[in-house]
Amino acid sequence: QVQLVESGGGLVQPGGSLRLSCAASGSIFSRYTMGWYRQAPGKQRELVADISSGGNTNYADSVKGRFTISRDNAKSLMYLQMNSLKPDDTAVYYCNLKNYALIVAMGDYWGQGTQVTVSS
């Protein structure tokens, strides 16, 4: 079964930085476009960044220029470097495949997420 484990969240002041990590089980990781999602209280989950197996990246406008997504296919790891953090970045961050149909096909599994809190 697919396993996704997010880590690296925490409490940070505005303007600070965090680096999130995502460990994905199995050999399928390198085959798919992966994404970082976040869900703030009372808000719908949103895709903030994605990266293809070949390293092509996309970012939501809200994080462009501040966040950097990367992956290490050999290690089945994905990262989200978050700089210049704002209070609006406060959310639980999840990693998963970008394609929802594929998420469902793999069992609709989501990890526990990692909490990012940006506050003074």
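Keep in mind that the numbers below use all heavy atoms, side chains included, and drop hydrogens, waters and symmetry copies.
Trp36 places a side-chain heavy atom less than 4.5 Å from the side chain of Cys22. Proximity of Ser7 to Ser21: side-chain heavy atoms (C-beta onward) are separated by under 4.5 Å at one or more points. Side-chain contact between Leu97 and Met34 is present, with at least one heavy-atom pair separated by less than 4.5 Å. Within the 4.5 Å cutoff, the side chain of Thr57 has no heavy atoms near those of the Asp50 side chain. A 4.5 Å side-chain heavy-atom check between Arg38 and Ser62 finds at least one atom pair inside the cut-off. You'll find the side chain of Trp110 stays beyond 4.5 Å of the side chain of Leu4, heavy atoms only. By the 4.5 Å heavy-atom criterion applied to side chains, Tyr59 and Thr68 are counted as neighbours. Contact check for Met82 versus Tyr93: side-chain heavy atoms found under the 4.5 Å cut-off.
Following chains of ILVMFWY side-chain contacts shorter than 4.5 Å, one can reach Phe67 starting from Val92, so the two form part of one hydrophobic cluster. Following chains of ILVMFWY side-chain contacts shorter than 4.5 Å, one cannot reach Val5 starting from Leu80, and the two form parts of different hydrophobic clusters. Hydrophobic clustering, with ILVMFWY side chains joined whenever heavy atoms are under 4.5 angstrom apart, groups Ile103 together with Tyr109.
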Check the pair Ile51, Met78 against side-chain contact (heavy atoms from CB on, under 4.5 Å), reporting the backbone distance first and the verdict last. CA-CA 9 Å; Ile51 181 167; Met78 185 172 64; 3.8 Å; yes
Under the side-chain contact (heavy atoms from CB on, under 4.5 Å) rule, what do Ser119 and Leu11 come out as? Steps first, then yes or no, please. CA-CA 7 Å; Ser119 176; Leu11 175 64; 4.3 Å; yes
If you apply the rule side-chain contact (heavy atoms from CB on, under 4.5 Å), what do you find for Leu102 with Tyr32, and how did you get there? CA-CA 9 Å; Leu102 293 178; Tyr32 298 103; 3.4 Å; yes
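Between Arg45 and Tyr37, the side chains place no donor N or O within less than 3.5 Å of an acceptor N or O (distance only, hydrogens not considered).
Shown here are the side chain to side chain contact (heavy atoms under 4.5 Å, CB included) partners of Val118, two or more places apart in sequence or in another chain: Val12, Pro14, Leu85, Pro87, Asp89, Thr90, Val116. Every residue meeting the side chain to side chain donor-acceptor pair (under 3.5 Å) condition with Ser17, not counting sequence neighbours, appears here in chain and number order: Asn83.
Within the model, atoms CD of Gln81 and CD1 of Ile69 stand 12.5 Å from one another, a figure rounded to the nearest 0.5 Å. Within the model, atoms OG1 of Thr33 and CG of Asn96 stand 12.5 Å from one another, a figure rounded to the nearest 0.5 Å.
A donor-acceptor pair is defined here as one N or O able to donate and one able to accept, closer than 3.5 Å; such a pair exists between the side chain of Arg66 and the backbone of Ser84. No donor-acceptor distance shorter than 3.5 angstrom exists from the side chain of Gln115 to the backbone of Gly9, with no hydrogens or angles considered.
Of all heavy-atom pairs between Gly8 and Leu18, the closest is O-CD2, 3.8 Å. For Glu6 against Gly113, the heavy-atom pair with the smallest separation is OE1-N, 3.0 Å.
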